[in-house]
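Excluded from the calculations below are hydrogen atoms, water molecules and symmetry mates; all remaining heavy atoms, backbone and side chain alike, are included.
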Amino acid sequence: MLLQRPLFYVGGHYITVLGLIAFVGFFAAGLIISRFLQSQTVRRFLSRFKIDTNFIAIVTTILSLAAIVFFTVTAVNAAGIPLAWSAPLPAINLSLVQIFLLIAVLVAVFWFSSGTKRFLFNRLLAPSGLDRSLQYAIAQVVSNIVLVVGIFFVLENAGIHLAALAVFAGAVGVGVGFGLQNITSNFISGLVILAERPITIGDRVEVAGIVGQVEHIRARSTVIRTNDNIMMIVPNSKFIDSPVTNWTYGDPRVRFRIPVGVAYGSDVNKVRDALLAVANENLHTLKEPAPTVFLEQFGDSSIDFKLMVWSSEMSARPSRYRSDLNFAIAEKFRDAGIEFPFPQRDVHIRDGMLKVENVTKKGTADGFDA
């Protein structure tokens, strides 16, 4: 038959038309299944089991790669080239079956590490009375230890001895070290952050020009949510070697400085009373320490005041708090008849004569109506 007629010769085996069709079919099936395993349908299905989002991404990626390898080997066998699943691969003491089992065990290690963190944070440490951020730090460190120990244990039992890895690391360690120094620095910085706790989950921080609330502290980076609901990924080393402003570290009370300028001739006592009234009428202003007003200076065009207020609830939204106070100040000044200043300049003519023309008469003489 035409379908069973040999087309070409590969590795001591003849490839027929039927075998070639089978190869294309199995390989295409592998690509389709691999794409399906990375679809949102599979991700939503796995999320029902309360699995971490990062772990779902790792699992779907590994499963998709495994599907491609499985169907590729099946396609090669269907094409007429026998490839034994149990035979060791060239230059590797592991067969394809053992490699798939190794991948499955590694996925299980990642899942167990993620489950350990979730169990410690949500169940075991929740009723302990410890600070919530400290509970998160303990759960994160224990999860990292479980992950590292589990990977080493799996590699040792799979026949991949750590001594061989040490030899390999010694051969290429210098070159790889320069490439991984930032990753290592961020990882160690993450451990320092979890140990010293200069920042914790929920803190309002400002670092490297990024302002927002700390959402997650991971092994390599920290996730910060800005007021625009944008997630910013900041390397952990930035919190160690750069100045960090933590608005909620220790004492949540924050003092705000609101500069205000009024026109010359204004009653300064009336201005002070109006500013204090605005501060005390705001629900987010603390009564203790009490608001105060300072007369800063007599400027070129204005008398400059500064309203000092304390707040603990609005540290997460400082721009909104300042805006509310400024709106209230403008309304209060309008009701009290207090004017805001305009730029003023005095012009002095020392000598000579300034010629002033009547523009209206000149325009009429030229034929224009006044």
Is [Y] reachable from [X] through a run of hydrophobic residues whose side-chain heavy atoms are each under 4.5 Å from the next?
X    : Y    : result
F294 : L325 : no
I193 : I233 : no
V141 : V223 : no
W310 : M308 : no
I145 : I217 : yes

Are the side chain of [X] and the backbone of [Y] linked by a donor-acceptor contact shorter than 3.5 Å?
X    : Y    : result
K238 : V207 : no
T60  : A57  : yes
S266 : A263 : yes
N246 : D203 : no
S242 : A208 : no
N236 : R218 : yes
K332 : V271 : no
T116 : F112 : yes
S34  : L31  : no
S143 : S113 : yes

Mind checking whether [X] and [Y] have side chains closer than 4.5 Å, heavy atoms only?
X    : Y    : value
I240 : S237 : no
S189 : F239 : no
V262 : V268 : no
T285 : P291 : yes
P259 : D304 : no

*Partners of A328 by side-chain contact (heavy atoms from CB on, under 4.5 Å), sequence neighbours excluded?*
V278
_Restricting to ring-ring contact (aromatic ring centres under 6.0 Å, His included), what partner residues turn up for F333, sequence neighbours left out?_
F340
_Ignoring hydrogens, what is the shortest heavy-atom contact between A279 and V309? Give both atom names and the distance._
CB-CG1, 3.4 Å
*What is the minimum heavy-atom distance between G299 and Y264, and which atoms define it?*
O-OH, 2.6 Å
*From the options I224, T222, V211, select the one residue that forms a side chain to side chain contact (heavy atoms under 4.5 Å, CB included) with V205.*
I224
Rounded to the nearest 0.5 Å, what's the gap from [atom1] on [X] to [atom2] on [Y]? Could you check?
X    : Y    : atom1 : atom2 : result
I68  : L37  : CD1   : CG    : 9.5 Å
R123 : R118 : CZ    : CZ    : 9.5 Å
S64  : F36  : OG    : CZ    : 12.5 Å
I201 : H216 : CD1   : NE2   : 7.0 Å
N227 : R204 : CG    : CZ    : 4.0 Å
L276 : L307 : CG    : CG    : 7.0 Å

*More than 12 heavy atoms from other groups under 6.0 Å of CD on E215*: yes
*In terms of heavy-atom contacts, does CZ of F26 have more than 12 from other residues, nucleotides or ligands at under 6.0 Å?*
no
_Walk me through whether Y321 and N282 qualify under side chain to side chain contact (heavy atoms under 4.5 Å, CB included)._
CA-CA 9 Å; Y321 183 55; N282 192 291; 3.5 Å; yes
*In sequence, state the C-alpha distance, the side-chain angles, and the governing distance for R255 and R253, and then conclude on side chain to side chain contact (heavy atoms under 4.5 Å, CB included).*
CA-CA 7 Å; R255 186 170 69 173; R253 297 179 301 174; over 6 Å; no
*Report the C-alpha separation of T200 and V214 in whole Å, then their side-chain angles, then the decisive distance to 0.1 Å, and conclude whether the side chain to side chain contact (heavy atoms under 4.5 Å, CB included) test is met.*
CA-CA 7 Å; T200 57; V214 178; over 6 Å; no
*Evaluate the criterion side chain to side chain contact (heavy atoms under 4.5 Å, CB included) for residue pair T61 and Q38; output intermediate values, then yes/no.*
CA-CA 7 Å; T61 302; Q38 289 189 323; 3.8 Å; yes
